Amino acid sequence: MSTNRYKAVIFDLDGVITDTARYHYLAWKRLAASQGVHFDEAFNEHLKGIDRMGSLDLILASAPRAYTPEEKLALADSKNAHYVELISTMSPADLLPGAVEALDACRAAGLKVGLASVSKNAFAVLDMLGIAGKFDYVVDAARIARGKPDPEIFLKAASELGVSPADCLGVEDAVAGVASIKSAGMTALGIGDPAVLAQADRVIAGLDHFALADY
Ligand code: BG6
Ligand code: MG
């Protein structure tokens, strides 16, 4: 397959371009422990790609008591404060191997490059990584009504890039993210374990294996 198959590549951020998925995990783990909820890597897999309040709801579903909306907001704020502290020293050294090369390869092939992250910290993370200028369009998560696995965020990226969804390759590390790409009508490149990302069209271990001409 040639690179002309696509007109745009739309990347997820956390767990694809940088290992912030680890920091989300650590921050949710501490929050869960504070509420007496068991939390492990397997459970965390269901949270990847899920927005902040959606993730909190999934965690609190196994809490011993119910929470008011105000309590939930306070817990979400406290998780985010911890997360922001964890990422505060991030720099270009935190780019995952192959990330910059993959972004540059898409651009060199004449494709539009988009970012579709449901993280409200995405703009700050891109700045810390020094790669904000490498994207033609970055979706503002604050303006998305329905998070992944809904297709809204990938469809928004495609529409702002002026490209039809069928001409887009989406790149994701989360089960919910791959589902979002597929229901948007795009081709999905998974990053991680093929057994986990079974809905993806192709799965690679990381962007250091990214080869546009192969997909
Ligand atoms: C996604 C992560 O990219 O962003 C999730 O995979 C996270 O783990 C979500 O919950 C929302 O991030 P934030 O920074 O808005 O809390
Ligand atoms: Mg991700």
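Count residues from 1 along the sequence. Given the structure is predicted, the values throughout are model-derived calculations rather than measurements.
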* **Any donor-acceptor N or O pair under 3.5 Å, side chains H38, D40** => yes
* Asked: Could you give the distance from OG (S55) to CG (L31), rounded to the nearest 0.5 Å?
  -> 10.0 Å
* To do: Please check if the side chain of S117 supplies one atom and the backbone of D12 the other of a donor-acceptor pair under 3.5 Å.
  => no
* Positive for side-chain contact (heavy atoms from CB on, under 4.5 Å) with K134, one of I17, V100, V113 -> V100
* Verdict with reasoning, D136 to R107, per salt bridge (charged side-chain N to carboxylate O under 4.0 Å, His left out) -> CA-CA 10 Å; D136 296 297; R107 171 130 325 188; 3.1 Å; yes
* Does D14 pair with K48 as a salt bridge, N-O distance under 4.0 Å? -> no
* Not counting sequence neighbours, which residues clear ring-ring contact (aromatic ring centres under 6.0 Å, His included) with F123? List them please. => none
* Using atom types as modelled and distance alone, determine if a side-chain donor or acceptor of E71 lies under 3.5 Å from a backbone N or O of T68. => yes
* To do: Take atom CZ of R143 as the centre, draw a 6.0 Å sphere, and report whether it contains more than 12 heavy atoms from other residues, nucleotides or ligands.
  => no
Tell me which donor-acceptor pairs under 3.5 Å the side chains of residues 166-177 have, and how far apart each pair is, sequence neighbours excluded?
from	atom 1	to	atom 2	distance (Å)
D167	OD2	K7	NZ	3.4
E172	OE1	A174	N	3.1
E172	OE2	K148	NZ	2.6

* **Salt bridge flag under 4.0 Å for residues K182 and D201** => yes
* If you measure only the distance, is there a donor-acceptor pair under 3.5 Å linking the side chains of N80 and N121? -> yes
* Less than 4.5 Å apart, any side-chain heavy atom of V118 and any of I153? -> yes
* Asked: Quick check: does any side chain N or O of K29 sit under 3.5 Å from a backbone N or O of A33, one acting as donor and the other as acceptor?
  -> no
* Would you check if the side chain of D94 reaches a backbone N or O of S91 as a donor-acceptor pair within less than 3.5 Å? => yes
I'd like a table of donor-acceptor pairs (distance under 3.5 Å, sequence neighbours excluded) in which one partner is a side-chain atom from residues 83-90, with atom names and distances.
from	atom 1	to	atom 2	distance (Å)
Y83	OH	H24	NE2	3.2
S88	OG	E85	O	2.8

* Asked: Should R202 and T187 count as side-chain neighbours, where that means a heavy-atom distance under 4.5 Å?
  -> no
* Asked: Are K112 and Y137 side-chain neighbours, meaning at least one heavy-atom pair lies under 4.5 Å?
  -> no
* Indicate yes or no for a side-chain donor-acceptor contact from E160 to the backbone of V139 under 3.5 Å, with no hydrogens or angles considered. => no
* Checking ring-ring contact (aromatic ring centres under 6.0 Å, His included) for the pair F210/Y215: CA distance, chi angles, key distance, verdict? -> CA-CA 9 Å; F210 185 79; Y215 315 126; 5.7 Å; yes
* Flag the pair F135 / L103 as yes when at least one side-chain heavy-atom distance between them is below 4.5 Å, and no otherwise. => yes
* List the steps and the verdict of salt bridge (charged side-chain N to carboxylate O under 4.0 Å, His left out) for D140 and K120. => CA-CA 7 Å; D140 180 353; K120 297 192 169 76; over 6 Å; no
* Check whether any side-chain heavy atom of P97 lies under 4.5 Å from a side-chain heavy atom of L207, and answer yes or no. => no
